[in-house]
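Read the structure below first, then the notes.
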Amino acid sequence: MNGTQLYGLKRLMATLRMGRHEALKGLGLRRKLALNYVGRESKMTELDGRIYTNTFTPYYPSPAYDRFLNGLRAVAAGRPTPLVTNFAVTARCPCRCWHCSFADRSKKDELSLADLQAAIRSVQALGSAVIGLTGGEPLLRDDLEDIIASIGPDSMPLMFTTGFRLTPDRVRNLKKAGLGIPVVSLDHYDSEIHDRGRGVPGMFDQALAAIRMFQDEGFYVAVSFVPDRRLVSNRDEIFKVLDFFRDLGVNDLRLTSPILSGHLTDRPDQKLSPENVRTIEDIQRFLVRTPGYPGVFAYDFFENDRFYGCCAGFNYLFVDAEGNLCPCDFTMLSFGNLKEKPVADIWEETSRHFCRPATGGCYANKCTKHMADMKPDKWPLRPDDARKLVALCPPNNPNELPEFFRRMK
């Protein structure tokens, strides 16, 4: 594992150092305690003078971290701000993953390098501190390094990849361009199970090779882990997978439960049971508190009403390969396309509907049946149908707030 995990006095000293940040001055004790309330659920790792906490927060110190704190103050005050924006830079992909949320989208790539660079500037002007590059498979774009370089230091660039045909030279180029955290898709210690889930033989070996190459270049390396219901129901087996990630030396996990989107739209049988969710919450606590294991951001844990709730369209934004702006990667509706309207105008309408963090869990899961019933010719839902959907299935309850935002008021 690259870097040193911080526990005890070292963690306390790092927390105090970060707590003296200029952007936190005048925040007040109540809000600082609210930040600590969620911060204690993330592991800290120091690497090359930087402190990493998870894949949704820029490392400290950095201009991106400064932007993140300023944006956090804005959302705490009730002002929607896309702190995290993901771009699907391509729809092309070598895999056919069972859980793919992008499977039902157009396979056309309509955003040029210039389009993406302009859109990146636009979301940064709105406050994006973390910019993720996903797909499809981003490595299929020959100009990926130029896209990353255009992000600059004001936002932390992430890249989500299967590791497809990655080479050491490409890893060095990605690092030179400014990539912050690579996130490699890996779902099991058994190569056959992983490859079957990806729909392509050999993807397990490519993922492992990618992890090693990124580690060799000194990256803080994360894994995107999507366990199915069967795996989560077998506690012994899923903890073996966690042991495998520990032995690989990865720094972090982005643990995403199956979400009823894309391939899984109108597939409620794939949704985790309440008992499964408790297992995910146990995993979150175990990994954060146990030295040597990777850190983790488990969606089911943090999207719970006890923490952030669902922040799609409130502090999160997704742009697909055609330029449609969506509340998140999994919510298949859009209020506009950046080739037709300014990004700021589309965000204004999106955040008007998704105007506060939501209780009750993932919005994509809540609205999936309504989406399936609408049977559009093309995903995501276009603006007129999107407006109908949010009227039929409101994204939030105006009388409720998740615990973190209640504490920040």
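One-based numbering along the sequence shown.
In this structure, Asp269 places its CG atom where more than 12 heavy-atom neighbours from other residues, nucleotides or ligands lie under 6.0 Å away. The environment of CZ in Arg165 is sparse: at most 12 heavy-atom neighbours from other residues, nucleotides or ligands sit within 6.0 Å.
Using a 4.0 Å cut-off between a side-chain N of Lys or Arg and a carboxylate O of Asp or Glu, Lys240 and Asp236 do not qualify as a salt bridge. With respect to the salt-bridge test (charged N to carboxylate O, under 4.0 angstrom), the residues Arg50 and Asp48 do not qualify. Taking the charged nitrogens against the carboxylate oxygens, Asp169 and Arg172 do have a contact shorter than 4.0 Å, which makes a salt bridge. Electrostatic pairing of Glu145 and Lys176 does not count as a salt bridge here, judged by no charged N lying under 4.0 Å from a carboxylate O. The pair Asp385-Arg382 does not meet the salt-bridge criterion, since no charged nitrogen lies less than 4.0 angstrom from a carboxylate oxygen. Using a 4.0 Å cut-off between charged side-chain N and carboxylate O, Lys339 and Asp115 make a salt bridge.
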Handout entry: Residues His353, Phe335; criterion ring-ring contact (aromatic ring centres under 6.0 Å, His included); working and verdict
Key = CA-CA 10 Å; His353 295 288; Phe335 295 103; 4.6 Å; yes
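Residue Phe354 is tested with Phe314, Trp347, Tyr363 for a ring pair (Phe, Tyr, Trp, His ring centres under 6.0 Å); the sole match is Tyr363.
Applying the side-chain hydrogen bond (donor to acceptor under 3.5 Å, both in side chains) test to pairs two or more places apart or on separate chains, those with a residue in residues 206-223 are Tyr220-Asp252.
Side-chain contact, Ser224 with Arg254: no donor N or O sits under 3.5 Å from an acceptor N or O.
In this structure, Phe286 has its ring center closer than 6.0 angstrom to the ring center of Phe239. Close placement of the Phe307 and Phe302 rings is indicated, their centers lying within 6.0 Å of each other. Note: Phe225 and His188 fail the aromatic proximity criterion, with ring centroids not under 6.0 Å apart.
Nearest heavy-atom pair, Ala222 versus Ile181, reported as atom, atom and distance to 0.1 Å: CB-CG2, 4.1 Å. Across all non-hydrogen atoms, the minimal contact from Thr162 to Pro94 is OG1-CG, 4.4 Å. Heavy atoms only, all atoms of each residue included: Pro357 and Leu401 are closest at CG-CD2, 3.8 Å.
The side-chain tip of Arg407 points at the ring of Tyr37 from less than 6.0 angstrom away and within 45° of straight on.
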